[in-house]
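See below for the structure under consideration.
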Amino acid sequence: MNDKMIDRTPAPEVAGAVIPWFTPANRPTEDRLQETAGLVEALGCELAFLRPEHVRKVNSSVLLSGGILDRLAEDLKAHECTIAVIDGDLTPVQQRNLERRLEVKVIDRTGLILEIFGLRARTKEGRLQVELARLLYERSRLVRTWTHLERQRGGGGFLSGPGESQLEADRRMLDEKILRLRRDLEDVKRTRAVQRAGRKRSGKPVIALVGYTNAGKSTLFNRISGANVFARDMPFATLDPTIRRFDLPTLGEAALIDTVGFITDLPTHLIDSFQATLEEAMQADLLVHVRDRSSPADLDQAHDVMLVLERLQKETGLPLPPMIEAWNKSDALPPERAEALSYAAHGDREHSAVLVSALTGEGIEELLSEIEGALLRGASELMLDLAPADGRARAWLHRNGDVISEEPTESGHVELLVRLTHDRLGQFFAEFPHMKAD
């Protein structure tokens with residue numbers, strides 16, 4: 001047989017997954033089942049089976065009760081699975097014991113998401129952040145690696161634990177790697193701060209898209225900015241943050257940031273590692289919360305997004321920027337539901353909202369107008385009389401404000417009507433204290 005005709009592509013790993021639940025309050029919904037399936041498939045695995053399992057009595061050594069564990073072992077063997085996904089939190093001991101019992105690789109929810117992030121990271125910054133999150137996660141699981149070095153406890157006051165010297169050496173090695181990565185990310189943080197300062201000096205507003213993973217942020221980003229960022233109907237299709245320019249109806253050029261998607265029970269390691277990236281959203285002039293209104297879990301997903309943002313607010317000490325909502329995927333809604341949501345979006349709400357379809361472009365013009373309106377809320381209009389010698393002030397206003405009208409007078413002066421945001425107003429009078437507004 002001709003070698004050229006042989007398909008040498010390795011077969012994908014086969015995974016079986018279960019979602020343990022303990023009380024009726026946390027029983028997995030159909031949407032949660034689909035999310036877990038999407039995560040497994042995003043890892044590049046073939047999903048053999050997925051089911052929720054009601055754990056009535058928790059087994060501290062393996063989490064799952066005996067009957068559930070026996071059934072899982074049988075199904076993994078029957079489907080020739082190489083990976084078992086437990087969509088929940090496992091302790092290091094539970095993970096080790098499950099691997100021994102099931103004789104396959106076992107990963108929990110945090111490990112699954114970390115694996116996906118590792119595949120998605122493309123930039124140097126993204127790889128640094130993922131590597132730091134992975135090391136922080138693995139550091140707590142060192143006991144799994146060195147069980148082959150267990151020693152019998154001796155007499156005569158010998159109290160050393162299993163493989164103590166090797167564990168300590170390995171822990172020191174990881175700590176050194178973690179320290180180096182944190183230093184590298186501090187450099188990233190400083191670089192981003194310089195870039196943000198440059199954008200602020202330019203006077204161009206910055207808008208950040210935030211939302212649950214797979215809500216359509218990247219598709220909306222591409223629609224608004226004309227970019228070609230990778231977007232696909234899967235969790236964490238894009239990971240590295242992207243910034244592009246776009247034009248608002250009257251304010252002109254602005255910057256749009258696409259951020260990493262959030263998810264239920266987003267691992268703490270990821271939030272810590274991606275703080276430099278997520279600060280981009282916290283320091284934007286406006287947040288656009290992209291919501292998938294076609295999802296039955298929309299309200300729960302919106303709640304999870306707000307929990308992450310509130311945590312970032314506490315950890316960074318930065319105030320949460322103003323926010324509006326983009327109710328996405330209107331094309332996936334029944335007409336009567338879309339009409340009802342469109343009506344609700346125009347009603348009195350805590351945050352302004354616009355019903356859109358990033359896929360078809362429906363509602364995008366209205367969203368841009370809403371973004372501009374939100375940026376201008378609290379802005380002041382000034383009428384200034386500029387002399388010929390005030391050329392520098394005039395140029396500053398054109399760079400940093402929205403010049404509404406500009407009329408020459410008989411005296412050779414220029415009457416300029418300009419709109420400035422609150423912070424720009426303070427900057428203007430600090431730099432040009434001699435100027436007075438009519």
Side-chain angles (χ1 to χ4, degrees), residues 190-209 221 223-227 242-257 279-288 318-324 326 346 351-352 354 363-438:
R190 284 191 288 271
T191 301
R192 286 195 172 276
V194 170
Q195 292 170 343
R196 278 196 298 269
R199 288 195 294 270
K200 284 188 177 295
R201 284 195 300 270
S202 73
K204 308 304 181 189
V206 177
I207 298 91
L209 303 180
F221 180 85
R223 172 69 64 175
I224 292 175
S225 67
T242 309
I243 303 176
R244 294 287 187 274
R245 64 165 297 282
F246 73 107
D247 291 320
L248 289 166
T250 58
L251 288 180
E253 188 173 319
L256 186 67
I257 300 176
E279 279 185 13
E280 290 290 338
M282 297 301 294
Q283 299 203 32
D285 297 299
L286 179 71
L287 297 180
V288 177
L318 299 169
L320 195 64
M323 182 187 300
I324 66 172
H346 291 90
H351 300 300
S352 300
V354 179
I364 298 300
E365 292 301 322
E366 184 182 353
L367 176 62
L368 292 177
S369 296
E370 189 63 41
I371 289 173
E372 189 167 73
L375 290 170
L376 292 175
R377 285 186 197 116
S380 302
E381 290 187 3
L382 303 178
M383 178 65 79
L384 298 166
D385 184 36
L386 301 178
D390 294 322
R392 196 166 68 87
R394 183 179 175 185
W396 191 97
L397 291 168
H398 275 279
R399 284 196 312 271
N400 297 282
D402 177 25
V403 176
I404 301 170
S405 65
E406 196 172 7
E407 298 290 337
T409 65
E410 294 180 357
S411 63
H413 287 210
V414 172
E415 286 188 348
L416 188 143
L417 180 61
V418 63
R419 186 187 292 117
L420 292 173
T421 59
H422 179 73
D423 58 336
R424 293 297 180 193
L425 186 65
Q427 291 174 15
F428 177 73
F429 285 116
E431 189 159 347
F432 306 99
H434 67 285
M435 300 296 303
K436 294 182 179 179
D438 294 336

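Model, not experiment: these values are computed from the prediction. What you see below is based on every heavy atom in this structure, not just the backbone, and it leaves out hydrogens, waters and symmetry mates.
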Going through the distances and angles, do I257 and Q283 end up as a side-chain contact (heavy atoms from CB on, under 4.5 Å)?
-> CA-CA 11 Å; I257 300 176; Q283 299 203 32; over 6 Å; no
Parallel under 30°, tilted from 30 to 60°, perpendicular over 60°: which one fits the rings of F428 and W396?
-> tilted
Nearest heavy-atom approach of L368 to D247 is CD1-O, 4.5 Å
How far apart are the C-alpha atoms of I243 and V206, what are their side-chain angles, what is the distance that settles it, and do they pass the side-chain contact (heavy atoms from CB on, under 4.5 Å) test?
-> CA-CA 9 Å; I243 303 176; V206 177; over 6 Å; no
What are the two closest non-hydrogen atoms of A284 and A208, and how far apart are they?
-> CB-CB, 3.9 Å
Rounding to 0.5 Å, atoms CZ (R245) and CD1 (I224) come to a distance of 13.5 Å
Enter the distance from R394:CZ to L416:CG here, rounded to the nearest 0.5 Å.
-> 7.5 Å
Minimal non-hydrogen separation, L286 against M323, with atom names | CD1-N, 4.1 Å
Would you check, one step at a time, whether the test side-chain contact (heavy atoms from CB on, under 4.5 Å) holds for H413 with L386?
-> CA-CA 5 Å; H413 287 210; L386 301 178; over 6 Å; no
Reported CG-to-CZ distance for the pair L382 and F429, which is rounded to 0.5 angstrom = 5.0 Å
Is there a side-chain contact between V354 and I324, using heavy atoms and a 4.5 Å cut-off?
-> no
Grab the two heavy atoms, one from P321 and one from A281, that are nearest each other, plus how far apart they are.
-> CG-O, 3.6 Å
Can you tell me how far CG of L209 sits from OG of S225, rounded to the nearest 0.5 angstrom?
-> 9.0 Å
Checking D285, L256, L248 against I371 for side-chain contact (heavy atoms from CB on, under 4.5 Å), the one that qualifies is L248
Evaluate the side-chain contact (heavy atoms from CB on, under 4.5 Å) criterion for residues L397 and L420: first the C-alpha distance (whole Å), next the side-chain angles of each, then the deciding distance (0.1 Å), finally the verdict.
-> CA-CA 8 Å; L397 291 168; L420 292 173; 4.0 Å; yes
To the nearest 0.5 Å, tell me how far R419 CZ sits from L375 CG.
-> 11.0 Å
Minimal heavy-atom distance between E372 and P249, with the atoms involved, is OE2-N, 3.6 Å
Which atom names give the shortest non-hydrogen contact between A430 and P433, and what distance separates them?
-> O-CD, 3.8 Å
Between H434 and D390: side-chain donor-acceptor atoms closer than 3.5 Å = yes
